[in-house]
Trainee: 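Here it is, the structure, as structure tokens.
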Protein chains: 2
Amino acid sequence: MDALDVFKALSNEGRLKILDLLKDPSSHFHCESGVDMDKVGVCVGEICRVTGLGQSTVSVYLSQLERAGLLESTRVGKWTYYRRSKDAFAKIADYVRENL
Amino acid sequence: MDALDVFKALSNEGRLKILDLLKDPSSHFHCESGVDMDKVGVCVGEICRVTGLGQSTVSVYLSQLERAGLLESTRVGKWTYYRRSKDAFAKIADYVRENL
DNA sequence: GCATTATATCGAATTTTTTAGAAATATAAG
DNA sequence: CTTATATTTCTAAAAAATTCGATATAATGC
């Protein structure tokens, strides 16, 4: 885990907002293609729609969050679904408690 | 606690280095004025000397870290001694685990 | 093949952060 | 009160991050 990358990813309001929305996808987003958002994640376009941020901005944000290990993604057809990493946040909490 | 301020404070290599050095002051710094560094903290000039960073840079860094609640300071005579906050890091760890 | 849709990447303008040097402030010592 | 030292604040230039629109890539359906 690159702590600096993680903290940089977390030091932006828009990215924190996305992380928060992704805690409970089905209550914030809806999905045309019928995948289970709570399992597979949410596609880029939906995140744009809900946050009001531009498409390229959201795409970059999601890449940063994924590179830092906070999100995971799966490509299904033309959609890329992003979801929260299952254990990243507990690991970060442990890191903060033990190493920071 | 302003999480964004905390993560911004943590998203810089120099500031992370300072936090690390301040974990064990007496093994990295020495003190002319004879205060107990492990209790009171380390003065700005010493942090400049050890990190090699400019004095105004270090002063700004320390202010940012203090504003985010990660450091505390005490002025004694002409020196300002900075030390790690006793419980900030456990609180941040809890925040990450529960709210992020 | 071509048109459409979703996402990623590029390029550029804007904003923010970083950082150093200079000036200002505060304290101590003579 | 003057001088020396430690720190903070001011200023400004350089570097990095933000953000958008345009373009490129990838997948779908005709």
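By convention in this document, chain letters (A, B, ...) are assigned in the order of the sequence lines, proteins followed by strands, and residues within each chain are numbered from 1.
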Trainee: With a 4.0 Å limit, can you tell me whether B/R75 has a side-chain N or O closer than that to the phosphate oxygens OP1/OP2 of D/dT8?
Mentor: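 Indeed not, no polar side-chain atom of B/R75 lies that close.
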Trainee: Between A/L10 (CG) and D/dA17 (P), how many Å, whole number?
Mentor: 15 Å
Trainee: Using whole Å, what does the distance between atom C1' of nucleotide D/dT7 and atom CG of B/L71 come to?
Mentor: 16 Å
Trainee: Any side-chain donor-acceptor pair under 3.5 Å between B/T74 and B/R83?
Mentor: yes
Trainee: Does this structure show an ion pair linking B/D20 with B/K23, if we count only N-O contacts that are shorter than 4.0 Å?
Mentor: yes
Trainee: What's the CG-P distance between A/L65 and D/dA17, to the nearest Å?
Mentor: 14 Å
Trainee: Using whole Å, report how far CD of A/E32 lies from C1' of C/dT7.
Mentor: 14 Å
Trainee: Has B/T57 got a side-chain N or O lying under 4.0 Å from the OP1 or OP2 atom of C/dA20?
Mentor: yes
Trainee: Within this structure, what is the CG-to-C1' distance between A/L16 and D/dA17, rounded to whole angstrom?
Mentor: 15 Å
Trainee: Are B/Y82 and B/S63 close enough that a side-chain donor and a side-chain acceptor fall under 3.5 Å?
Mentor: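 No.
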Trainee: Taking only side-chain nitrogens and oxygens of A/N12, does any of them come within less than 4.0 Å of OP1 or OP2 of D/dT18?
Mentor: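 Looking at the OP1 and OP2 atoms of D/dT18, one of them is under 4.0 Å from a side-chain N or O of A/N12.
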Trainee: Could you state the atom-to-atom distance from NZ of B/K78 to C1' of D/dT3 in whole Å?
Mentor: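 In whole Å, D/dT3 C1' lies 11 Å from B/K78 NZ.
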Trainee: Between D/dT8, C/dT27, D/dC20, which nucleotide has the shortest distance from any of its atoms to the side chain of B/S59?
Mentor: D/dT8
Trainee: Please report the distance, rounded to the nearest Å, between CD1 in A/I47 and C1' in C/dA6.
Mentor: 13 Å
Trainee: Can you identify which nucleotide, out of C/dT9, D/dT9, D/dT7, has its nearest atom closest to the B/C43 side chain?
Mentor: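 Within the option list, the nearest is D/dT7.
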Trainee: Looking at B/N12, B/V42, B/I47, B/L70, which one forms a side-chain contact (heavy atoms from CB on, under 4.5 Å) with B/I18?
Mentor: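 Single pass found, and it is B/I47.
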Trainee: Rounded to the nearest 0.5 Å, what separation is found between the CZ atom of B/R67 and the CG atom of B/D5?
Mentor: 5.0 Å
Trainee: It should be established whether A/Y82 places a side-chain nitrogen or oxygen under 4.0 Å from OP1 or OP2 of nucleotide C/dA6.
Mentor: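 Checking A/Y82 against C/dA6: no side-chain N or O falls below 4.0 Å of OP1 or OP2.
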Trainee: Check whether the side chain of B/Q55 and the base of C/dA20 form a donor-acceptor pair under 3.5 Å.
Mentor: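 Per atom types, no contact qualifies.
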Trainee: OP1 or OP2 of D/dT8 less than 4.0 angstrom from a side-chain nitrogen or oxygen of B/T80, does that happen here?
Mentor: yes
Trainee: Need to verify one output field. Residue with the more 5' nearest nucleotide on DNA chain D, A/V76 or A/G52?
Mentor: A/G52
Trainee: Please determine if a side-chain N or O atom of B/Q64 lies less than 4.0 Å away from the OP1 or OP2 oxygen of C/dT17.
Mentor: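 No.
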Trainee: Could you please name the option among D/dT9, D/dT7, C/dT5 that lies closest to any side-chain atom of B/W79?
Mentor: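 Within the option list, the nearest is D/dT7.
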Trainee: Rounded to whole Å, please give me the gap between CG in A/L62 and C1' in C/dT7.
Mentor: 10 Å
Trainee: Would you mind telling me which residue lines up with the more 5' stretch of DNA chain D, A/K8 or A/G54, judged by nearest nucleotide?
Mentor: A/K8
